[in-house]
Number of protein chains: 2
Amino acid sequence: MTKVHPTFDVGTVERVPAHAQAATLLRRAIQLGYLMPSDKLPSEPDLAKRLGVSRVTLREAIRQLEGEGYVTSRRPQGLFVAKQVESAAKRKAYMREEFKRIQQLLDFRAAIEPMAARLAARHRTNKDLAAMAASIRAMEVAATVPQFRKADSNFHLAISKASKNAYLRAALEDARAGMFLPFDARDFTVTWSSSPADHTVILDAMRERDGERAARAMEAHVIESGREMADVIWGKRGRKSPPD
Amino acid sequence: MTKVHPTFDVGTVERVPAHAQAATLLRRAIQLGYLMPSDKLPSEPDLAKRLGVSRVTLREAIRQLEGEGYVTSRRPQGLFVAKQVESAAKRKAYMREEFKRIQQLLDFRAAIEPMAARLAARHRTNKDLAAMAASIRAMEVAATVPQFRKADSNFHLAISKASKNAYLRAALEDARAGMFLPFDARDFTVTWSSSPADHTVILDAMRERDGERAARAMEAHVIESGREMADVIWGKRGRKSPPD
DNA sequence: ATACATTGTCTAAAAATCAGACAATTAATG
DNA sequence: CATTAATTGTCTGATTTTTAGACAATGTAT
């Protein structure tokens, strides 16, 4: 008796316009620290080609980002990354309201990052190891929060790459991009304190191909990062300064 | 000195046509067992409305799925899920060739499913619990592999839903959809042997809100499932029959 | 003052999607 | 066996999004 399934739910198609996607890509690049404040962006024709869209479409994306305050256009010189995206107070409010989402994201990271570290310790090449070490060095010499954040991101992404697991890697990239969205701030320096030591421990485990130790260290690191983050969000600790 | 970042790479925009998205949604519904072989799909206007696309767009998606052999259109009766997508031999060959990918997916599941179980044990409502129990009952009375698979899928998805974590849930859905693609076969009855007992243990932990036990049980289950799967793929055990 | 790269603005066309109408088909019904 | 009713097959025209390209406006650097 062929019949339609009663609880049939496949979800819905959501069309994402090309200009919205382009805006998301550029916003993410700024949020992840690939594009830093006051950086000049490529010219519109160039940028459009890189993004794989037409200039008109790119333009709509730029208008959107200008409205959000991520970029400013100085007439015939080009497009620049804004120095300040939003007020500190506004960002902090945003973070509180997004707290639940962040907490979910931290649990998600706590699930995947240790596994990525475990597999990376097993499958890493010397080149992978070098990339991780380079990221840690970059973290140590970072003078600004965006620089630090970029190095930190690179370290974790290097591990996900070394795991040789496409699923973990994709999930981790998504997770990190999602994390940094609200931490776009220049006034929060989360994970600055515990990170250097944590990262070194993880790197050692990678060097010795000790998967379990790498996983445990990563788990501790993610949990501690989350704790620090929560403290900052809820104002228990307040600001910290970068190391000198 | 404002300069363009040298290693500037934001990725590219990829336009995903609505019909491709619709095809993906329907394909996944079949792969996950929401739509079973010989099931009748809703009428085109109805389905188009549910998917949030026009009928023309839906039609392009259907043409695609027909080409892939997922559905067949019996003229004025409607659209039906195909009985057989591909031959058993072809699927088995496909599985071996996709073995690496499956192994990655198993590692990915081993990372996220225990965490989902842990959080589900903590956050589950009675309704969540009832859904899990219903899935187990459905598994016990399943007479065919698709039925069993659907029930199995529902159990794991119920847990991911109960975890109240959108990221874990989405990742788990992706992972399961990816798993079942090559296991669409009727000739593999993986996880049939160990599953009933495993699932009951997990359910007990959920009932008692014992997150750690739930996580451990789930981890063991995923690992054992992977082991059985590997055995079947490499022919160490061969076929099994469904319970009567 | 001038050159020049860049953004601002416009037009025309192509592609995707939508909304709706109507014909064709055939299982089910009486 | 004829009729009904639901469904797919097919078509048209409008709307939205995106593309490709041309040209003017701008203001910095030489």
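Heavy atoms only: backbone and side chains are in, while hydrogens, waters and symmetry mates are out. Here is the naming used below: chain letters follow the sequence lines, and residue numbers restart at 1 for every chain.
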TODO: Starting from C1' on dA6(D), measure out to CD on E44(B) and report it in whole angstrom.
DONE: 12 Å
Task: Minimum side-chain heavy-atom gap E44(A)-I62(A) below 4.5 Å - done: yes
- [ ] Could you state the atom-to-atom distance from CZ of F80(A) to C1' of dG27(D) in whole Å?
- [x] 13 Å
Open item on the list: Nearest whole Å is fine: how far is dT7(C) P from E66(A) CD?
Closed with: 11 Å
Open item on the list: Between D128(B) and K164(B) (salt bridge meaning N to carboxylate O under 4.0 Å), is one present in this structure?
Closed with: yes
Task: Atom pair distance, as rounded to whole Å: CD in E14(A) and P in dA16(C) - done: 20 Å
Task: Residues that E60(A) engages under side chain to side chain donor-acceptor pair (under 3.5 Å), provided they are two or more places apart - done: none
Task: Contact pattern, 5' to 3', of nucleotides 17-25 of chain C - B, S or - by protein heavy atom under 4.0 Å - done: SBB-B--BB
Task: Protein-nucleotide distance (K40(A), atom NZ; dT28(D), atom P), rounded to Å - done: 14 Å
Task: Nearest-angstrom distance from the residue atom CZ of R59(A) to P of dT18(D) - done: 16 Å
TODO: State which residues pass side chain to side chain donor-acceptor pair (under 3.5 Å) with D174(B); sequence neighbours excluded, sorted by chain then number.
DONE: R28(B)
- [ ] Provide, to the nearest angstrom, the distance between the CZ atom belonging to R74(A) and the P atom belonging to dG27(D).
- [x] 13 Å
Task: Contact check, side chains of R27(A) and E68(A), non-hydrogen atoms, under 4.5 Å - done: yes
TODO: Just say parallel, tilted or perpendicular for the rings of H199(A) and H156(A), cut-offs at 30° and 60°.
DONE: perpendicular
TODO: Would you mind reading off the distance between L47(A) atom CG and dA5(C) atom P, rounded to a whole angstrom?
DONE: 19 Å
